[in-house]
Amino acid sequence: MRQMKPRSLTLMDGRKANATSTQTALRAAGRKLFGQLGYEATALGAICAEAGVTTGALYHHFGDKKGLFAAVAEELDAGLVALTAQARTRALSGGADPWQAFLAAIDVFLQAGMNSEGRRIGLTDAPAVLGTQGWLDIRERHGLGAMVQTVRTLQSAGFLPPGDVRLRARLILGLLYGAIEALAHQPVDAPAALADARALVHAMLAGMRRP
């Protein structure tokens, strides 16, 4: 005979599902409006209307507008890391060596950095709203860990020389975020600017490669 789940557990599961869907809707609405309008110009009411929830739900799940923005910024950076991981996996599956797969991931990262909404959140508002250290903490929670693992892999495969893994990971991340920031100031011919930045980043990374 099939065992029935207790009613209390069923209700708890339902509440968790509702909470998850509410948080997802609020983050999506926040990302859209923060990206389009900027943090200061985005009203709580507009976010809640876009998400189809009450302001009470926003306060309950994120505390306030800044709390929601922090969650959006964290999701944005985690998404960049996931994109690069997928690109690296695809490249390896297609026969690329670890260095080629690394560069393929770098190219996806730079391409994603051309997104205007992402740039507004990550480059303009995140340091101002969360503080330089707060935004750096978010980036290091996601990007640094992934880059440390990448550097270890490249060292093990002989593409990077031995040495301080975290130092090399931080230097590479600094180069990538710097490239995205530089691209934000090249609005006239974005494709040409991206190609130029890609070539420069590849050349700089080649300088780190083991002879």
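Computed from heavy atoms alone, side chains included, the values below leave out hydrogens, waters and symmetry copies.
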Same cluster or not: are V81 and I121 linked, directly or through other Ile, Leu, Val, Met, Phe, Trp or Tyr residues, by side-chain heavy atoms under 4.5 angstrom apart?
-> no
E181 backbone acceptor or donor facing R119 side chain under 3.5 Å = no
Non-hydrogen side-chain atoms of R166 and V148 separated by less than 4.5 Å | yes
Looking at side-chain heavy atoms only, is the closest gap between F102 and T150 below 4.5 Å?
-> yes
Does R120 use its side chain to pair, donor to acceptor, with the backbone of Q36 at less than 3.5 Å?
-> yes
Y59 side chain near L44 side chain, heavy-atom distance below 4.5 Å = yes
Nearest-0.5 Å distance, CG of residue D107 to CD of residue Q111 | 9.0 Å
CG-CD distance between L144 and Q149, expressed to the nearest 0.5 angstrom | 12.0 Å
Shared hydrophobic cluster, I138 / L68 (ILVMFWY, side-chain heavy atoms < 4.5 Å) = yes
With no hydrogens and no angle check, do the side chains of Q133 and D137 hold a donor and an acceptor under 3.5 Å apart?
-> yes
Student check: side-chain heavy atoms of L175 and L171 closer than 4.5 Å | no
Validation row: V129, E40 side chains within 4.5 angstrom (heavy atoms) | no
Should E50 and I47 count as side-chain neighbours, where that means a heavy-atom distance under 4.5 Å?
-> no
Check whether any side-chain heavy atom of E140 sits under 4.5 Å from a side-chain heavy atom of W135, and report yes or no.
-> no
NZ/NE/NH1/NH2 to OD/OE distance under 4.0 Å, R141 and E74 = yes
Is the charged tip of R139 near the ring of Y177: under 6.0 Å from the six-membered ring centre and within 45° of its axis?
-> yes
T124 vs Y39 side-chain heavy atoms within contact, under 4.5 Å | no
Donor-acceptor pair, side chain of R168 and main chain of D164, under 3.5 angstrom = yes
Under the 3.5 angstrom rule, does the side chain of K65 hit a backbone N or O of T42 as a donor-acceptor pair?
-> yes
How long is the gap from OG on S116 to CG on L123, to the nearest 0.5 Å?
-> 11.5 Å
